[in-house]
Enquirer: 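This is the structure I have questions about; it appears just below.
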There are 2 protein chains.
Amino acid sequence: MKEDTRQPSRGPQLSEQVAQRLSDAIQAGEWGRGARLPTEAELGERFGISRSVVREAISMLRNGGLVTSRRGSGSFVAEAPTVSLRLAIPDPGLQSVVEVLELRRPLEVEAARLAAERHTPSQLRRIRNAMVDIDEAVEAGLSGVDQDLAFHRAIAEAANNTHFTAVLDFYNRFLHQAIRVTRTNESLRETFMQQVVAEHQAMLDAIAAGDADAAARAAAIHLEHAEMRLRQAPTDLLKSMLEQEEAQAGSPSASTEQTGDDSR
Amino acid sequence: MKEDTRQPSRGPQLSEQVAQRLSDAIQAGEWGRGARLPTEAELGERFGISRSVVREAISMLRNGGLVTSRRGSGSFVAEAPTVSLRLAIPDPGLQSVVEVLELRRPLEVEAARLAAERHTPSQLRRIRNAMVDIDEAVEAGLSGVDQDLAFHRAIAEAANNTHFTAVLDFYNRFLHQAIRVTRTNESLRETFMQQVVAEHQAMLDAIAAGDADAAARAAAIHLEHAEMRLRQAPTDLLKSMLEQEEAQAGSPSASTEQTGDDSR
DNA sequence: ATTTACCATCTTGTCTGACAAATTCAGTCG
DNA sequence: CGACTGAATTTGTCAGACAAGATGGTAAAT
């Protein structure tokens with residue numbers, strides 16, 4: 001074909017230029033939704049570049065949600081284009097954690113209210129299981145942070161509104177450290193865990209009973225207390241934990257396991 | 001050397017797993033902001049993979065705004081690292097708009113509460129100006145949708161918590177269409193606008209007075225009524241308008257720009 | 001001694017070739 | 001006609017090499 005023999009202009013990023021041109025071509029409708037675009041080899045020849053660059057370019061588009069690739073089959077224009085919310089990762093510190101909590105509180109409260117009204121039996125079961133998992137993890141001497149987050153996520157799911165799970169999931173990663181701090185504070189751990197369990201139980205009961213207002217109240221109390229517990233943890237502990245995490249970062253404990261214990 | 005000889009578990013996408021692990025490590029603080037991360041060769045050896053996969057993984061992170069690479073120098077954790085939440089553009093329809101509103105209501109209520117407590121004089125002024133702008137726009141025969149959204153955004157800004165503005169900005173685009181629908185409904189427009197103005201005024205007064213609870217109540221009422229107004233609009237009108245907008249919206253990869261107009 | 005020019009070295013970007021894994025499709029056999 | 005087989009196709013991964021740009025140290029010059 002040789003429809004474009006121009007040397008890609010001496011720019012900063014070759015693969016980026018190619019990605020841009022491919023993106024333009026797709027958005028211009030050269031290949032419709034779900035259509036298969038040329039093979040990597042073919043694109044490489046068309047643009048006069050190696051397959052590596054084509055792959056990098058396609059990788060960018062794939063990351064942008066514009067195309068999907070299936071090994072052995074090809075790369076395709078995405079069926080459902082996506083938009084992305086991009087925002088800066090906050091500084092690790094008490095203030096920024098509090099800001100995240102400020103956002104989460106109204107969301108979780110509303111999620112609990114909706115969950116009380118809309119939860120399906122299986123969703124309620126998952127919430128219950130999550131609570132049990134927390135107990136078991138704590139019993140086993142673990143921090144139970146992942147299980148705690150899973151509990152809250154199960155409630156968000158029971159709200160049956162994808163936006164809640166999406167936003168809360170998004171902010172979960174920032175809370176991971178914060179919750180660990182409160183759990184690791186030895187002197188307070190015992191008392192705190194009792195409070196947490198009681199508050200979780202209250203939320204679960206209200207949701208199970210279908211009492212929306214009570215669920216909202218219980219969630220509000222829990223989130224408020226969570227912030228108090230965090231504030232009560234000495235800030236130097238927070239700081240030292242962050243440094244500690246940095247030091248032990250290479251060890252095998254870091255991988256994040258999805259708690260996929262449920263049968264969907 | 002050879003600190004991680006585990007075979008990457010048989011997963012669908014190898015490079016994706018590596019990207020996830022790198023992303024986790026960065027967010028766990030293994031490498032601080034602006035720090036140089038190991039060379040591609042070194043990472044390849046550490047994870048037991050080839051440089052190609054490392055490059056693909058880093059490419060993903062770079063595309064996600066988590067790292068930047070400089071040829072000859074290395075790859076670095078971004079100074080202002082960002083994580084991106086991607087979600088599919090919802091089907092145009094009343095149900096999905098209602099879901100967005102469900103998420104926004106608690107957020108806007110809390111934003112109004114915080115704004116009442118924290119607003120600076122200049123922020124209050126911006127809210128006032130936005131209200132005037134709505135009047136002027138409507139007076140001029142325009143829909144005033146942009147001005148309406150600006151009003152709400154000004155309140156979110158006055159909450160002085162970047163996460164509120166980020167999330168609300170993100171969902172604004174989905175609301176743009178919905179508000180237009182209610183405003184375009186000729187038969188109801190007059191009545192609706194009077195209501196909207198009154199409700200806005202109540203919010204502004206409460207915020208200006210520093211009455212957090214009153215601000216929250218006013219916001220809750222406004223959002224509730226907004227949903228009612230939307231439901232009252234004929235659904236066929238909504239549908240046709242949404243489809244029309246979607247047809248002419250040809251920028252799927254457009255990510256939400258960082259709102260850098262804030263002085264922090 | 002300080003500054004400047006140079007150069008070895010390192011790191012990412014790109015190229016080339018190969019194989020593995022998964023899919024597709026045509027042909028064959030029941 | 002339908003199910004299976006196997007070759008061809010295509011993306012994913014691997015390996016090695018060179019090019020382009022950056023870094024830091026050393027020697028030369030003032």
Side-chain angles (χ1 to χ4, degrees), chain A residues 1-2 4-23 26 31 34-79, chain B residues 1-2 4-22 26 31 34-79 81:
Chain A
M1 297 279 279
K2 289 183 83 67
D4 193 340
T5 41
R6 285 178 305 173
Q7 282 295 341
S9 69
R10 278 288 137 262
Q13 327 273 93
L14 180 52
S15 55
E16 202 167 322
Q17 299 173 28
V18 176
Q20 185 60 50
R21 290 174 64 174
L22 280 176
S23 171
I26 289 175
W31 305 289
R36 212 191 90 179
L37 39 89
T39 70
E40 294 171 351
E42 198 172 338
L43 285 173
E45 184 166 357
R46 180 183 300 191
F47 288 110
I49 57 180
S50 75
R51 207 184 134 205
S52 319
V53 179
V54 175
R55 284 190 58 76
E56 287 244 6
I58 288 183
S59 170
M60 294 180 194
L61 302 187
R62 191 170 38 226
N63 260 320
L66 210 63
V67 310
T68 61
S69 299
R70 288 201 300 276
R71 158 190 257 171
S73 180
S75 292
F76 303 80
V77 178
E79 294 282 357
Chain B
M1 45 172 59
K2 290 184 86 69
D4 193 341
T5 42
R6 285 178 305 172
Q7 281 296 340
S9 67
R10 279 285 138 264
Q13 320 275 95
L14 180 52
S15 55
E16 204 168 320
Q17 298 174 28
V18 175
Q20 186 59 51
R21 289 175 66 174
L22 282 178
I26 289 176
W31 304 288
R36 212 190 91 182
L37 40 89
T39 69
E40 294 172 352
E42 198 172 336
L43 285 174
E45 185 167 355
R46 181 182 301 192
F47 288 110
I49 56 179
S50 75
R51 208 184 134 206
S52 315
V53 179
V54 175
R55 283 191 60 76
E56 286 243 7
I58 289 183
S59 169
M60 295 181 192
L61 302 188
R62 190 171 38 227
N63 209 286
L66 209 65
V67 309
T68 60
S69 299
R70 288 201 299 277
R71 158 190 258 172
S73 180
S75 291
F76 303 79
V77 178
E79 286 294 344

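Residue numbers begin at 1 in each chain, while the letters A, B, ... track the order of the sequences. Because only heavy atoms are used, hydrogens play no part in the values below, and waters and symmetry mates are left out as well, while side chains stay in.
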Enquirer: Could you check how far CZ of A:R71 sits from P of C:dA22, rounded to whole Å?
Expert: 6 Å

Enquirer: How close do A:A57 and A:A19 get, heavy atom to heavy atom, and via which atoms?
Expert: CB-N, 3.7 Å

Enquirer: Write out all pairs satisfying salt bridge (Lys or Arg N to Asp or Glu O under 4.0 Å) with one or both partners inside residues 59-70 of chain A, taking only residues at least two apart or from two chains.
Expert: A:R62-B:E56

Enquirer: Starting at CD of A:E45 and ending at P of C:dC15, how long is that distance when rounded to a whole Å?
Expert: 14 Å

Enquirer: Tell me, which of residues 52-62 of chain A have any heavy atom that sits under 4.0 Å from an atom in DNA chain C?
Expert: A:S52, A:V53

Enquirer: Identify which nucleotide among D:dG21, D:dG12, D:dA17 has an atom closest to any side-chain atom of B:R51, counting heavy atoms from C-beta outward.
Expert: D:dA17

Enquirer: Could you state the CD-C1' distance from B:E42 to C:dT12, rounded to the nearest angstrom?
Expert: 14 Å

Enquirer: Rounded to the nearest 0.5 Å, how far does CG of B:N63 lie from OG of A:S59?
Expert: 7.0 Å

Enquirer: Taking atom C1' of C:dC15 as reference, at what distance in whole Å does atom CG of A:L14 sit?
Expert: 11 Å

Enquirer: Could you list the residues that satisfy side-chain contact (heavy atoms from CB on, under 4.5 Å) with A:S52, not counting sequence neighbours?
Expert: A:S50

Enquirer: Does D:dT10 have OP1 or OP2 under 4.0 Å away from a side-chain N or O of A:S75?
Expert: no

Enquirer: Show the nearest heavy-atom pair for residues A:F76 and A:G34, with the distance to one decimal.
Expert: CD2-O, 3.6 Å

Enquirer: Are the side chains of A:L61 and A:I26 in touch, meaning some heavy atoms are under 4.5 Å apart?
Expert: yes

Enquirer: Taking C-beta and beyond as the side chain, do B:I58 and B:L43 meet within less than 4.5 Å on heavy atoms?
Expert: yes

Enquirer: Check side chain to side chain donor-acceptor pair (under 3.5 Å) between A:Q20 and all other residues, then give those that pass, not counting sequence neighbours.
Expert: A:D24

Enquirer: Report all interatomic pairs (protein N or O, nucleotide N or O of nucleotides 3-6 of chain D) with separations under 3.5 Å.
Expert:
none

Enquirer: The side chain of A:S73 is closest to which nucleotide in this list: C:dT24, D:dT13, C:dG13?
Expert: C:dT24

Enquirer: In whole angstroms, how far is the P atom of D:dT10 from the CG atom of A:L37?
Expert: 12 Å

Enquirer: Assign a letter to each nucleotide of nucleotides 5-10 of chain C from its 5' end: B, base within under 4.0 Å of a protein heavy atom; S, sugar-phosphate only; -, no contact.
Expert: -----B

Enquirer: Using whole Å, report how far CZ of A:R70 lies from P of D:dT11.
Expert: 11 Å

Enquirer: Quick one: pull up CG in A:L22 and CE in A:M60 and give me the separation to the nearest 0.5 Å.
Expert: 10.5 Å

Enquirer: List for me each residue that meets salt bridge (Lys or Arg N to Asp or Glu O under 4.0 Å) alongside A:R36, sequence neighbours excluded, and say none if there are none.
Expert: none

Enquirer: Quick one: list whatever passes salt bridge (Lys or Arg N to Asp or Glu O under 4.0 Å) with B:R51, sequence neighbours left out.
Expert: B:E40

Enquirer: Which nucleotide, C:dG13, C:dT16, D:dT13, lies nearest any side-chain atom of B:E40?
Expert: C:dG13

